Amino acid sequence: MLLDFSLDQTLIIALLFVWAGFVRTGLGFGGAALGLPLMLFVHNDPRLWLPIIGTHLLFFSGLTLRTRMHNVDWQYLRRSSVYIIPPAIIGVFGLVSLPILWLNVFIYSITLFYGLTWLFNRVIESRRKWADKLLLVLGGYVAGTSLTGAPLMVAVYMRNVSKDQLRDTLFVLWFILVSIKMTTFIVLSVDLHFPAALTLIPVAAVGHMLGLKAHNAIMRNDLLFKRWVGGGLVLVSALGLWHL
């Protein structure tokens, strides 16, 4: 079975990667934030899942962007990267050095925060330039540690990038951040579980295609979708923290 898991566990993993792929393209972000907490119930070490998620994100974001590079806000991407990339690099070193328990508490706590904001329709936003910079720095660090920093950075990008360019610009940002993470993994000799990642690509492709088809519908019903997902995230995160 995949990664020495049982047949039942392998089927659950397949469904979770369908879900992650669906969220990634349906919303344009959040595949890791909404998928990783569930994966930790199957195996509690995020260092197993993050290289696989990273490989998928590189593959599918590259696939999506191959004809969309003209629709990227390169100017804002360059300006914001100054605040995102350095803390993201620091976060990667935290990922490979911190104890598993600390990482899991961190991931479930961040996910619980996202779930509560979505469930109660509390928007993460900033109205000052210093607050924008703070959210970008925090989002970069969280992304470096666990790939779950997207909502923090999206809160800033939504105010500074036009809606029709937002998803493609975010995909380029994710591609850059994951490239840094994967390169650091290679330098530090972290197992990328590449065969497992390749095996799961067709499974994640199902979610990717469903997300592409559902993107416009999700955007039209953004509040309802996020409330349902937020409620699920609160439940999953609370169970995860209680189990720890």
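Fair warning: this is a prediction, and the values are worked out from it, not measured in the lab.
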Side-chain donor/acceptor of Ser80 to backbone N/O of Leu77, under 3.5 Å:
yes

Please find out if less than 6.0 Å separates the ring center of Phe17 from that of His56.
yes

Between Trp74 and Thr169, does the side chain to side chain contact (heavy atoms under 4.5 Å, CB included) criterion hold? Intermediate values first, please.
CA-CA 8 Å; Trp74 293 104; Thr169 304; over 6 Å; no

Measure the CG-OG distance between Leu58 and Ser179 for me, rounded to the nearest 0.5 Å.
4.5 Å

Which atoms form the tightest heavy-atom contact between Thr145 and Leu50, and what is the distance?
O-CD1, 3.7 Å

Any side-chain donor near an acceptor of the partner, Asp8 and Ser6, under 3.5 Å
no

Got a sec: does the OH of Tyr141 have more than 12 other heavy atoms crowding it under 6.0 Å?
yes

With a 3.5 Å distance limit and no angle check, can you tell me whether Trp19 reaches the backbone of Ala14 through a side-chain donor-acceptor pair?
no

Could you see if Ile90 belongs to whatever hydrophobic cluster contains Leu134? Use Ile, Leu, Val, Met, Phe, Trp, Tyr and a side-chain cutoff under 4.5 Å.
yes

Cluster overlap Val236 with Leu15, hydrophobic side-chain contacts below 4.5 Å
no

On a heavy-atom basis, the closest approach of Ile107 and Pro46 is CD1-CB, 3.7 Å

Flag the pair Val142 / Phe106 as yes when at least one side-chain heavy-atom distance between them is below 4.5 Å, and no otherwise.
yes

Just by distance, do the side chain of Trp49 and the backbone of Met39 share a donor-acceptor pair under 3.5 Å?
yes

Quick check against the 3.5 Å criterion: does Tyr108 have a side-chain atom that pairs as donor or acceptor with the backbone of Pro37?
yes

Side-chain contact test, heavy atoms from C-beta onward, threshold under 4.5 Å: evaluate it for Ile89 versus Lys181 and give yes or no.
no

Could you walk me through whether Ile201 and Phe60 pass the side chain to side chain contact (heavy atoms under 4.5 Å, CB included) test, one step at a time?
CA-CA 9 Å; Ile201 279 181; Phe60 289 111; 4.2 Å; yes

Tyr157 and Tyr76: aromatic ring centres closer than 6.0 Å?
yes

If I compare all heavy atoms of Leu241 with all of Ser109, which pair ends up nearest, and what's the gap?
CD2-OG, 4.1 Å

Contact summary for Met158 and Leu166, nearest pair of heavy atoms
CG-CD2, 3.7 Å

Do Val137 and Ile84 come close enough that some side-chain heavy atom pair is under 4.5 Å?
no

State yes or no: do Leu239 and Ile100 share one hydrophobic cluster built from I, L, V, M, F, W and Y residues joined by side-chain heavy-atom distances below 4.5 Å, directly or via other members?
no

Hey, is CZ on Phe41 packed in by over 12 heavy atoms from elsewhere, all under 6.0 Å?
yes

Test log, rule side chain to side chain contact (heavy atoms under 4.5 Å, CB included), inputs Arg47 and Phe185:
CA-CA 10 Å; Arg47 284 170 290 216; Phe185 283 161; 5.9 Å; no

I'd like to know if the side chain of Asn71 and the backbone of Asp164 have a donor-acceptor N/O pair within less than 3.5 Å.
yes

Consider only side-chain heavy atoms of I, L, V, M, F, W and Y, link residues closer than 4.5 Å, and tell whether Val187 and Leu192 are in one cluster.
no

Is it the case that more than 12 heavy atoms not belonging to His243 sit under 6.0 Å from its NE2 atom?
no

Is Asp132 salt-bridged to Arg159, going by a charged N under 4.0 Å from an acidic O?
yes

Closest contact, heavy atoms only, Leu103 versus Gly94:
CD2-O, 4.2 Å

Quick one, Phe22 with Val206, criterion side chain to side chain contact (heavy atoms under 4.5 Å, CB included). Give me CA distance, side-chain angles, the key distance, then yes/no.
CA-CA 8 Å; Phe22 173 79; Val206 174; over 6 Å; no

Are Leu98 and Leu101 linked, directly or through other ILVMFWY residues, by side chains that come within less than 4.5 angstrom of each other?
yes

Reported OG1-to-CZ distance for the pair Thr199 and Phe194, which is rounded to 0.5 angstrom
10.0 Å

Of the non-hydrogen atoms in Met153 and Ala143, which two are nearest, and what is the gap between them?
CE-CB, 4.0 Å

